[in-house]
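For reference, the structure is listed below as structure tokens.
In the text below, chain A, chain B and the rest are named by the order of the sequence lines, each starting its count at 1.
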Amino acid sequence: MPPTPDSDDFIDYGSLRALVVDDSPGMRNALRLTLSNFGITRIQMVANAAEAIFQIKNRSYDFILCDFNLGEGRDGQQLLEELRHGNLISLESVFMMVTAESHYEKVVATAELAPDDYMIKPFSAELLCSRLTGILLRKRAFRDVYWNFQEQDLNAAIAACDTLILGKPKYAVDAMRFKGELLVALGRFEDAENLYRQVVSMRAIPWARLGLARSLHLQKKHDAAEEELRDVLEQAPEMVVAYDLLSDVHLEKKDTVAAQEALEKGVAISGKTVRRQQKLGEIAYGNGDLDAASAAFDNVLEKGRHSIFVTPADFGNLCRVQLEQGDLEAVADTLKKNKSTLQANPEGQLVMAVTQSMVHTRTGNQQAAVKALDMAASLRAGGARGDAQLMLDLAGACMTNGRNEEADAVVAEVARNAHDSEALLAKAKRLYDEAGRADVGTGVLATATGDVRKLNNEGVVLAQRGDYKTAVEKLLTACDEAPYNPRILMNAVWVMLKYLDQVGMDETMLETARTRLREAERQAPGHPRLGGLRLQMKDVENRFGIQRKAAG
Amino acid sequence: MTFDGTDFYAALIHELKNDLGVLSMALGGIPLRGEAAHDAAVDSARLLCQGMVDRLHQALLIYKADHQPIHPVLDACSPHDLVQAIAASAHALARDRLHVETAIAADTPVLWFFDRELVEMALVNAIHNALAHARSSIRIEAGMDAGCLALRVRDDSPGYPESLLESVADGRPYAATGTGLGLRFARLIAHSHDNRGRRGELRLGNDPGAVFSLLLP
Ligand SMILES: Nc1ncnc2c1ncn2[C@@H]1O[C@H](COP(=O)(O)OP(=O)(O)O)[C@@H](O)[C@H]1O
Ligand SMILES: [Mg+2]
């Protein structure tokens, strides 16, 4: 019997607003006809990702049906990533991907990057309708979960998942999947492990095994994680994300060669993902495998031409490898091809200036090298920053051109912002060794890291003793010295939250804590400490939200 | 432009997928007029088109399975929703020609683990067969059978030819009036589902009409 308007599973298609994204006019028309036969009256149609984003920024859509292949420009997956990252669509909206490939990556790492469902071309109107109805009903059941999640109240979201697990058997497994991700986000890795084990004991389905491997890895049980991943890959060899995780596990075990191998296997299955190629490039570069590194960095720029995950650092990375390969023509070519992109912002201009300074240094054109270094200096004075690797390149070029003071300042900045990164400090040290300034280098690095370390340690000790006020002062001074140092940022946030918790509300400090936490998220995305800090932040906000209401 | 083998076929198939999709939706959008001659023509065009769509999916999957085994992507799915979705498709194809009914046994689990996409394709193929052979009705059923989820398509046709039942039971190739691709495809999908060493199964029988059963461990 068809559901009636007042029944639980009635969907009022007339009230939905739909967006169709497809580059083929014939398909757009066919889809419009089909959707209007479902009873959807408000249908907007666009031909590409840019138009889709424009529309979505203008008004919200309940249902987005997007073709994966959109011709020139971003593809459907890149559009989805941009929408989710920019918070442009809520969890309540349905995003369905239309694809011509039956082997399209069905198992994406996180729900965040996965569409709600896939339609494989060609498909019938009836199938589309059944799928859409199913998802809309599921989203209706998950309403409380999503609401709490969007309010950043992860504990309440977990409670809402539990309600579904107990009360709605049909959605129990979906709710467990969402809960697993919430537990991981909160840093409750052991609970996540147990949850995934529970799913696996029902059936060893790939996402649950992957979740299990991830929670083992996050608890530093690397061997168990590796074993699980090898098993998963035997069962589902096309599951690319398992290779990503396997590579992380190898990195933790300091086996960078195996880490590279794992990523290479992943890339062979799906080379489209920009972040996979970026990581492969970095690891291969670290392994001294310049050919693999330049191929990967080249792919980053090629496949990621329209991706939000490509940053100026990626251009710098490719040029650096090409330079080390001695292929100056390739460097010139990279810069020329991407000139307009790089010139669009100060960070890109800095990459260009630094790269040019290295090229000219290499070819002995000192005049041009100095000009490029002057350019870099003025960009830096204007606030432009590059990634640590680029800054060290800059320091190296400065030293070769006799600009030692400038070089020392750049290295000190890098060191302050990465006082606990052995790899970067070792690279910096090598620069000084090569320039015959080993003694100076030791001094510069020791001072830079020493200052930050001292402030950090003092702050932490004071906090442990309960003197939160002085601890906050110390760590905020450390933050001013090292504004991009994730460890310092996270410690500062931790101490500020302690202060607010113990001493009382201070709106300015809460805002400072928020800003610093955002910076930490930018500098170390996915760091295991972030979840806990976010949660404490929410707690503090909740408590004082309530107090304020009581007072007013 | 030169047409090198695989690229050419890949491009061609891509094009066909798009065109068939557009065609099937365009046909689906033609309103019926209540005039027998018009409506019957539209219906048979729809059926034929959907048959081509499903045939294309089958053929591509079987072609792929020749090069590498099928790895179903298992997830928790609702057998109820599946039966409803298949019934909706069957209904759209049968219109008033045949009666489509569903029967979900009380022991049908709320969730079961299978690759929805693959299982759907296998069942849709059974629906096409039933549409071609049934006299007046098709029944889509779900229930449990010896620890497996059993998904069935039952019709009131004269039943499968004896020779076919024997060959399928022995796992031998069989003669078909058509390509014989459909049942092979369904068997492949059933077999690809595995639960701790227990494999899925395709079972064909007559009772007295054809009964197509997919058993998923
Ligand atoms: N529901 C049915 N009733 C009677 N005979 C059937 C039915 N389904 C299939 N058959 C027989 O089985 C044969 C094989 O079916 P199938 O593998 O789907 O290939 P095709 O449909 O291309 O012939 C058909 O040719 C037909 O003779
Ligand atoms: Mg057939």
Side-chain angles (χ1 to χ4, degrees), chain A residues 2 9 22 24-37 67 69 98-103 105-107 117-131 133-134 137-138 168-174 176-177 199 202-208 234-239, chain B residues 13-31 46 49-50 52-54 56-57 60-61 64 68-69 71-78 80-82 84-93 109-118 120-121 124 194-196 217:
Chain A
D9 36 2
D22 201 309
S24 139
M27 189 63 89
R28 278 203 300 275
N29 278 326
L31 287 170
R32 175 175 38 199
L33 189 68
T34 301
L35 295 185
S36 61
N37 279 342
D67 194 26
N69 206 329
V98 176
T99 142
E101 308 299 334
S102 58
H103 62 263
E105 257 179 75
K106 278 192 202 153
V107 197
D117 212 340
Y118 304 87
M119 295 299 301
I120 296 173
K121 280 201 258 190
F123 54 86
S124 65
E126 291 72 36
L127 190 63
L128 177 61
C129 189
S130 306
R131 293 275 172 91
T133 307
L137 291 175
R138 188 181 69 213
K168 288 242 163 67
K170 180 171 175 182
Y171 299 117
V173 176
D174 287 331
M176 287 172 100
R177 183 172 190 172
V199 180
M202 285 191 268
R203 189 73 177 256
I205 46 180
W207 63 255
E234 209 161 291
Q235 181 196 8
E238 285 164 49
M239 192 151 103
Chain B
I13 285 171
H14 192 89
E15 179 91 14
L16 281 177
K17 281 177 175 173
N18 275 325
D19 291 349
L20 263 179
V22 172
L23 181 62
S24 111
M25 283 185 266
L27 287 172
I30 302 177
R46 275 180 194 152
C49 180
Q50 201 52 46
M52 286 171 69
V53 164
D54 297 322
L56 182 65
H57 284 307
L60 291 174
L61 198 109
K64 247 181 74 182
Q68 66 195 86
H71 290 285
V73 180
L74 301 183
D75 205 346
C77 306
S78 153
H80 299 75
D81 284 1
L82 180 74
Q84 293 312 333
I86 300 294
S89 299
H91 201 83
L93 294 172
V110 179
L111 290 177
W112 199 253
F113 294 95
F114 55 88
D115 185 321
R116 185 191 53 175
E117 202 82 48
L118 292 178
E120 227 162 45
M121 283 203 245
V124 163
D194 163 290
N195 188 7
R196 300 194 175 102

- Message: If you apply the rule side-chain contact (heavy atoms from CB on, under 4.5 Å), what do you find for B/Leu111 with A/Arg203, and how did you get there?
- Response: CA-CA 11 Å; B/Leu111 290 177; A/Arg203 189 73 177 256; over 6 Å; no
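For B/Ala85, the parts lying under 4.5 angstrom from a heavy atom of chain A are both the backbone and the side chain. At a 4.5 Å heavy-atom cutoff, the contact between B/Ser78 and chain A is made by side-chain atoms alone. Interface remark: B/Glu120 contributes side-chain atoms only to the contact with chain A (heavy atom separation under 4.5 Å). Contact of B/Asp19 with chain A is not made at all, since no heavy-atom distance falls under 4.5 Å. Proximity to chain A (any heavy atom under 4.5 Å) is restricted, for B/His57, to the side chain, taken from C-beta onward. Both the backbone and the side chain of A/Leu31 have a heavy atom closer than 4.5 Å to some heavy atom of chain B. There is no contact between A/Asp22 and chain B, counting heavy-atom distances below 4.5 Å. Using a 4.5 Å cut-off between heavy atoms, A/Asn69 touches chain B through its side chain atoms alone. A/Thr34 touches chain B through its side chain: at least one heavy atom from C-beta onward sits under 4.5 Å away, while N, CA, C and O do not.
Once rounded to the nearest 0.5 Å, the distance linking CG of B/Leu74 with CD1 of A/Ile205 reads 7.5 Å. Considering CD1 of B/Ile30 and CG of A/Leu33, their distance stands at 9.0 Å, rounded to 0.5 Å. For the atom pair A/Leu35 CG and B/Met25 CE, the distance stands at 9.0 Å (nearest 0.5 Å).
Closest of all the heavy-atom pairs between A/Ser130 and B/Ala88 is OG-CB, 4.3 Å. Heavy-atom minimum distance, A/Ser124 versus B/Ser24: CA-OG, 4.3 Å. Smallest separation of non-hydrogen atoms from B/Val110 and A/Pro169: CG1-C, 3.9 Å.
Within a 6.0 Å radius of NE2 in B/His71, more than 12 heavy atoms belonging to other residues, nucleotides or ligands are found.
Most heavy-atom pairs under 4.5 Å with chain B: of the set A/Asp117, A/Leu137, A/Leu128, this distinction falls to A/Asp117. Of the listed residues (A/Arg131, A/Met202, A/Met27), the greatest number of heavy-atom pairs within a distance under 4.5 Å of chain B belongs to A/Arg131. Chain A forms the most heavy-atom pairs under 4.5 Å with one residue out of B/Leu20, B/Asn18, B/Ile13, and that residue is B/Asn18.
Using a cutoff of 4.0 Å between basic side-chain nitrogens and carboxylate oxygens, A/Arg138 and B/Asp81 are not scored as salt-bridged.
In this structure the side chain of A/Ile120 never reaches within 4.5 angstrom of the side chain of B/Met121, judged on heavy atoms.
Shown here are the side-chain hydrogen bond (donor to acceptor under 3.5 Å, both in side chains) partners of A/Glu234, two or more places apart in sequence or in another chain: there are none.
Counted by atom type alone, B/Gln50 and A/Glu126 present zero donor-acceptor pairs between their side chains at under 3.5 Å.
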